[in-house]
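Quick notes on the structure that follows.
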Amino acid sequence: MSSSSNHSHPVRVRFAPSPTGFLHIGGVRTALFNWLYARHLGGQFLLRIEDTDLERSEERFTSDIIASMKWLGLNWDEEPIFQSKRLEEYRAKALELVARGLAYKCFCSEEEVEQMRVKATAEGKKPMYDRHCRDLGLERHPTEPNRPWVIRSKTPLAGYVEFTDLIRGPIRVENTEIDDFVLIRSNGAPTYNLSVVVDDVYSRMTHIIRGDDHINNTPKQIHLYRALGYEVPLFAHLPMILGPDKKKLSKRHGAVSANVYRSDGYLPEALLNFLARLGWSHGDQEIFTIQEMIQYFSFDHCQKSSAVFNVEKLLWLNGAHIRGADPKRLASIVAEDYSDHFAGIPQALSRLKTDLGARIVSMVQPKVKLIKELTEQVVPLCTPGAVEVDASGLKWNKDENLKAATQAAVQRVLDELSKKVAASGVKSGSDPVWGGTPSLEEVGMNHEGVDAYLRQVGEQHGVKLGDLVQPMRLVVTGRMVSASLFDLMAILPWDVVETRLRKIAAL
RNA sequence: GUCCCUAUCGUCUAGAGGCCUAGGACAGCGCCUUCUCACGGCGUAAACCCGGGUUCGAAUCCCGGUAGGGACGCCA
């Protein structure tokens, strides 16, 4: 690739969102690529809050951005910069440019400028300010001393700007295409193009990595770097993320706060993995740990074209990352992010945190795609006593004989296994929270044992294994779909299993 | 409208002139496995936008067209 240029000093990059909305997927992707690049090269990654738009910036959005970044693990290396605290700086730089003849005060009203744009459009030209005040060199309006003014850049009238994008290669724009854009608004606040340049210089940024909706701003900013006498950094413009309709991602596509993905049950590394693969690749590899992403990241393998956000693949990736996660960690995520599922059952929450809780999680985790589902499966398994069931889906509802035979078989299971537990001589279970009774496993009957035993009972009562298992699964787990019943029967304290199995007779 | 950018299966992508009768993944379909649901395994269908060049040879390079996206704010 082109240009590692003269920037031999350590890489410094930033993510610079404006707090006018939640941190959405597109923002996360931009943050991620900056972060990966910095971490890959051992450079610094900074966070800057671009809150120069006083009307639309809101503190709650700043909080959302910071919370989301933290959840995702996209950590920054220096104190975040808030542009609202540096307003004087931008103003001073703009005034300096006016003094040096590189910018000027403009007294045209917004209505007048709007007319110019209408006129230009009618002439088939780009709607631009017609530079009315450019060469007047006015300090104040001749007839209206209090008339408000803005500061505009004095964009060169001829020539062109060219830069080499790290992802797209050379991009060239004629200066005639560039407006005399506003630097300082009539209320004294700076506009984006000014503050971004002043701050990127202030923070000694070496690379500007951002969405490609900023390609058109880059030439303006390059003019500013030059006017201000600064070294121009390197640019990398990332392709956009599109909704399923191939339009810019918006709220209607469910592109809400990254925090929503947290409550929906996505793992941060899964979301990051998914976003990394949207526009970047490393051969055929699909599943990456954070470390691998950092290790392999490079602009050489970044895509130039935009990508459609595909929830199905994110879901699959999330399942893959859940499967590979440490059960103890998953248990604590369930406990922290889904505490509302434990409302009224504090025992379940404490049981979740035991070794047995982690074992339960490990049996459910290979089967779910979302932490939410994991939670829904795990809660009843950690709850003491019987759980509510809905027996309407059972096959025996259509077959009285099957129902009678199954109930008889389960009764026998109850009798024989209770006897076995009592006869084992094992007085109490090893789990400190679950207390009381040992599990079947603790009296010598593991998964295989339960398997063989239930097959045998089913055969003797003329009930197919599947027909015997489903009602048992329902009362033991509270659901028609669950982790392996044999596993669960083996590891749960026998009294829990017994209590629940007794409900079979009443169905 | 003007300017900028982009263009491989439905989607994410591999591909840096011959290794491509175009590979992987998700989703789909079929089968196997199976105590449910998943997972897993095997298989199947599915793409180089079009037209010109350059070259012995082009998905790859160049030009044009077309299509899509983005920008054109005293938003960022």
Side-chain angles (χ1 to χ4, degrees), chain A residues 16-21 50-53 55-57 106 109-110 113-114 117 120-128 148-152 165 168 171-174 176-179 181-193 195-196 210-219 237 239-240 242 244 246-248 274 277-287 300-301 303-317 319-320 323 364 366-369 373 377 450-451 454-455 458 464-470 472-474 477 479-487:
Chain A
S18 71
T20 53
E50 306 216 322
D51 51 356
T52 53
D53 184 345
E55 273 101 71
R56 280 190 275 182
S57 297
C106 166
S109 69
E110 292 187 59
V113 174
E114 180 52 33
R117 281 197 254 276
T121 306
E123 289 168 0
K125 287 186 272 193
K126 214 177 211 179
M128 297 203 299
W149 46 268
V150 300
I151 295 181
R152 287 184 181 273
D165 191 281
R168 289 156 206 271
I171 295 176
R172 174 184 163 142
V173 177
E174 296 297 322
T176 50
E177 297 295 331
I178 307 172
D179 213 346
F181 52 100
V182 172
L183 264 20
I184 298 287
R185 306 178 240 230
S186 55
N187 69 0
T191 59
Y192 163 74
N193 281 310
S195 60
V196 79
R210 73 230 302 198
D212 70 11
D213 47 342
H214 284 297
I215 286 184
N216 297 281
N217 284 324
T218 306
H237 287 99
M240 303 257 81
L242 273 26
K246 305 202 175 190
K247 291 270 192 305
K248 198 175 176 180
F274 172 72
R277 284 288 287 105
L278 233 45
W280 172 79
S281 62
H282 180 70
D284 284 342
Q285 188 169 344
E286 296 288 352
I287 299 172
D300 294 348
H301 293 277
Q303 199 79 2
K304 291 178 186 154
S305 52
S306 46
V308 172
F309 184 89
N310 177 207
V311 195
E312 299 288 350
K313 190 159 183 178
L314 170 59
L315 201 57
W316 169 76
L317 262 175
R323 267 172 253 137
V364 177
K367 318 173 88 62
V368 299
K369 289 193 164 74
E373 297 171 50
Q377 288 280 330
V450 176
D451 186 338
L454 289 183
R455 276 174 203 282
K464 281 191 284 188
L465 187 63
D467 294 335
L468 176 60
V469 163
Q470 274 311 94
M472 293 176 73
R473 179 194 313 285
L474 181 65
T477 70
R479 305 176 154 264
M480 292 290 282
V481 172
S482 79
S484 164
L485 179 72
F486 305 157
D487 273 329

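So you know, we letter chains A, B, ... as the sequences are listed, proteins then strands, and number each from 1.
Ranking B:G73, B:C26, B:A71 by closeness to the A:Arg56 side chain, first place goes to B:G73. Of the listed nucleotides (B:C72, B:G70, B:C35), B:C35 has the atom at the smallest distance from the side chain of A:Val469. Relative to the side chain of A:Thr191, the nucleotides B:C39, B:C74, B:G23 differ in distance, and B:C74 lies closest. Side-chain proximity of A:Val481 to B:C4, B:C12, B:C37: nearest is B:C37. Closest to the A:Pro127 side chain, of the nucleotides B:G70, B:C72, B:C74, is B:C72. For A:Arg277, the listed nucleotide lying nearest its side chain is B:U13; candidates were B:A76, B:C35, B:U13. Across B:C74, B:A7, B:A76, the shortest atom-to-atom separation from the side chain of A:Ser305 is found for B:A7.
At least one side-chain nitrogen or oxygen of A:Ser281 sits closer than 4.0 Å to the OP1 or OP2 atom of B:A14. Close to B:G70, at under 4.0 Å from its OP1 or OP2, lies no side-chain N or O of A:Ser306. For A:Lys246, no side-chain nitrogen or oxygen approaches OP1 or OP2 of B:A67 to under 4.0 Å. Residue A:Gln470 has no polar side-chain atom (N or O) positioned under 4.0 Å from OP1 or OP2 of B:C37. In this structure, A:Arg117 reaches the B:C74 phosphate: one of its side-chain N or O atoms is under 4.0 Å from OP1 or OP2.
Looking at A:Gln285, its side chain has no donor and acceptor atom pair within 3.5 Å of the base of B:G24. At a cut-off of 3.5 angstrom, counting only N and O atoms as typed in the model, there is no donor on one side facing an acceptor on the other between the side-chain of A:Lys367 and the base of B:C39. Side-chain to base pairing of A:Asn217 with B:A76: one donor and one acceptor N or O lie within less than 3.5 Å of each other. In terms of polar N and O atoms assigned as donor or acceptor, the side chain of A:Asp212 never comes within less than 3.5 Å of the base of B:G70 in a complementary pairing. For A:Ser482 against B:C37, no side-chain N or O and base N or O form a donor-acceptor pair under 3.5 Å. If you check distances only, the side chain of A:Arg168 never reaches the base of B:C5 with a donor-acceptor pair under 3.5 Å. Counting atom types as modelled, A:Ser186 pairs a side-chain N or O with a base atom of B:C74 as donor and acceptor under 3.5 Å.
For B:G28 and B:G17, the C1' atoms lie 35 Å apart once the distance is rounded to whole Å.
For the side chain to side chain donor-acceptor pair (under 3.5 Å) with A:His237, the qualifying choice from A:Asp212, A:Asp165, A:Asp213 is A:Asp165, the only one to do so.
A:Phe486 places its CZ atom 9 Å from the P atom of B:U36, with the value rounded to the nearest Å. Rounded to an integer number of Å, the gap from A:Ile178 CD1 to B:C4 P is 11 Å. Here the P atom of nucleotide B:A14 and the NZ atom of A:Lys304 are 11 Å apart, to the nearest Å. Atom CD1 in A:Ile215 sits roughly 13 Å away from atom P in B:G70 (whole-Å rounding). Atoms CG (A:Leu485) and P (B:U36) sit 11 Å apart, rounded to a whole Å. Taking atom CD of residue A:Glu174 and atom P of nucleotide B:C5, one finds them 11 Å apart after rounding to whole Å.
Counting non-hydrogen atoms under 4.0 angstrom, A:Arg479 reaches nothing in the nucleic acid.
Base pairing of B:C72 is made with B:G1, judged by Watson-Crick or G-U wobble geometry with both donor-acceptor distances under 3.5 Å.
We find the NZ-CD distance between A:Lys313 and A:Glu286 to be 3.5 Å, quoted to the nearest 0.5 Å.
The residue among A:Leu465 and A:Val182 whose nearest nucleotide of RNA chain B lies closer to the 5′ end is A:Leu465.
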